[in-house]
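Residue numbers run from 1 in the order of the sequence given.
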Amino acid sequence: MLITNVANIPANAELLGFANSKQEEDKRLAVLAKGKVQNIKNIEAICNSYGKSIGEMMVQPNSDASKWENSSSGYFKDTFLKYLQASRIKYRHIGKFAGVAPSSLTKYTQGDYMPTTTSAQALADCMQIEVADFFVPAKPENVEKIETVTFELAKTLKQRCLREQEIVFDDPNIQDTLTNKAWMVPNFERMMRAHNVTSPDKDLRRLLDTGKAPLKVIDMYARWFGSTIGDVMVKPGVKTEWYKESSNIYVPYNLEQMMNDSCLPVAQIAQKAALTNLDVVYQFVKGVRIPTLAQLQELAYLFDCELSDFFLPPDGGGDVNKTNEK
């Protein structure tokens, strides 16, 4: 049974104030007791001044907090990285469950910034570990548990976000994805009907007939219909805000991040994208050349991510937890 939760912080702050007779005197402690502080470093600064650690503040009141007596936000970067590595490439599914963009997860491991208490709790819930364990050295038993739950997270995500439908495609991978290039044409056709567009121009007509177009063209038409390039790849019948800020301009950044996260050799990545020249992969990362939609789809299969993840902004997208049927 888990005994730490960020929801315990206000109660512990109140107890701390009573114990030190300073709840009214220290306005910071009073605000913390009202649950109005989500910045972990700010919470830590307040509780440290009273001799309490960040982990202890998350323990259920009147429970044994000795395991987290020496906890500190300084452990978060390395501990969180080890836990993400335990989940391998599937960490993107964890991010979606927690409503945290993949790029934000990377920034956590780089120490660029800390998650809010809400995000930290959501990530801990996904990994099925104590949230306070993020603030102590990584525990082997947590690593083992995360390796096990990751696969189940991926399956649950698909079951929650996807539904069976009448459209059948030859590619067996398509039914297992939330976003896919195969959904693009049906989505554009739906948007055309919604906007009463009966005579598309030649470029849109070509896109509808072939399912092919440069990314910037797809992005342009998606925006014209009030959508985004990430959203037009989402399976018909599914609604999510995760890709509401997506754009084709973020492809180089995300491709580089996914290459780094996967640790796959460039030769294997090039082969999956049907490239004989390895330099082209580096040109994709630098934005000198732009991959085709078909190449990105193959790379999505390789990296075990969603196609539309390539279009997410560096600072994150929406919340996949708001997913529901249209």
Side-chain angles (χ1 to χ4, degrees), residues 84 87 89-109 113 115-116 118-127 150 152-163 165 173-184 186-188 190-191 215 218-219 221-223 225-258 261-262 293 296-297 299-326:
L84 283 185
S87 62
I89 197 66
K90 295 290 186 181
Y91 80 82
R92 297 183 183 282
H93 295 298
I94 293 176
K96 289 181 180 180
F97 266 91
V100 179
S103 57
S104 293
L105 297 180
T106 301
K107 290 180 179 179
Y108 294 161
T109 64
Y113 61 85
T116 63
T118 301
S119 294
Q121 185 63 58
L123 289 166
D125 290 344
C126 292
M127 295 180 180
T150 296
E152 295 302 320
L153 282 175
K155 287 200 305 184
T156 304
L157 177 68
K158 293 169 185 176
Q159 291 170 357
R160 186 177 69 181
C161 295
L162 304 179
R163 66 180 178 82
Q165 56 165 297
N173 292 311
I174 292 178
Q175 296 298 336
D176 292 327
T177 58
L178 173 64
T179 63
N180 196 288
K181 67 182 180 66
W183 313 129
M184 179 180 67
N187 281 327
F188 270 118
R190 174 183 54 80
M191 290 188 292
L215 297 184
I218 299 172
D219 187 90
Y221 282 116
R223 293 181 184 282
F225 284 114
S227 185
T228 67
I229 188 171
D231 277 335
V232 297
M233 307 299 168
V234 174
K235 187 173 183 177
V238 172
K239 183 179 180 181
T240 175
E241 295 185 12
W242 183 253
Y243 302 110
K244 65 181 181 180
E245 298 174 5
S246 59
S247 170
N248 67 298
I249 65 174
Y250 302 126
V251 170
Y253 171 87
N254 287 312
L255 178 57
E256 181 179 22
Q257 290 296 310
M258 292 181 190
D261 293 337
S262 70
L293 186 62
L296 284 182
Q297 183 64 74
L299 292 176
Y301 293 148
L302 178 65
F303 296 138
D304 195 13
C305 69
E306 295 292 345
L307 170 61
S308 290
D309 285 354
F310 286 110
F311 309 122
L312 282 172
D315 292 330
D319 185 351
V320 79
N321 290 318
K322 296 179 181 178
T323 300
N324 53 59
E325 290 187 4
K326 290 179 180 177

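Taking 4.5 Å as the limit, every side-chain heavy atom of Asp231 sits out of range of all side-chain heavy atoms of Trp242. Put simply, the side chain of Phe310 reaches to within 4.5 Å of the side chain of Cys305, judged on heavy atoms. You'll find the side chain of Phe311 stays beyond 4.5 Å of the side chain of Tyr243, heavy atoms only. Contact annotation: the side chain of Asp309 approaches that of Met258 to within less than 4.5 Å [non-hydrogen atoms, C-beta and beyond]. Between Leu293 and Met233, the closest side-chain pair of non-hydrogen atoms falls below 4.5 Å.
The side chain to side chain donor-acceptor pair (under 3.5 Å) search around Ser246 returns Thr228, not counting sequence neighbours. Tyr221 meets the ring pair (Phe, Tyr, Trp, His ring centres under 6.0 Å) test with no other residue; sequence neighbours excluded. Annotation: side chain to side chain contact (heavy atoms under 4.5 Å, CB included) contacts of Pro252 (sequence neighbours excluded): none. Judged as a side chain to side chain donor-acceptor pair (under 3.5 Å), and not counting sequence neighbours, Asn248 has no contacts.
When every heavy atom of Pro186 is checked against every heavy atom of Ala182, the shortest pair comes out as CD-O, 3.3 Å. The heavy-atom pair separating Met191 from Ser227 by the smallest distance is SD-CB, 3.8 Å. Heavy atoms only, all atoms of each residue included: Leu255 and Leu299 are closest at CD1-CD1, 3.9 Å.
In the model, Asn180 has a side-chain atom that pairs as donor or acceptor with a side-chain atom of Tyr301 under 3.5 Å.
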Notebook entry, point to check: How far apart are the C-alpha atoms of Ile218 and Lys181, what are their side-chain angles, what is the distance that settles it, and do they pass the side chain to side chain contact (heavy atoms under 4.5 Å, CB included) test?
Noted result: CA-CA 11 Å; Ile218 299 172; Lys181 67 182 180 66; over 6 Å; no
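Taking the centre of each ring, Tyr113 and Tyr108 come in below the 6.0 Å mark.
Results of the side chain to side chain contact (heavy atoms under 4.5 Å, CB included) test with Ile229 over Asp219, Leu307, Val251 single out Asp219 as the only residue that passes.
Separation of atoms OH (Tyr250) and CG (Leu215) is listed at 14.5 Å; rounding is to 0.5 Å. With rounding to the nearest 0.5 Å, the separation of CG in Leu302 from CD in Gln297 is 12.0 Å.
Judged by distance alone, the side chain of Thr179 and the main-chain N or O of Ser308 form a donor-acceptor pair under 3.5 Å.
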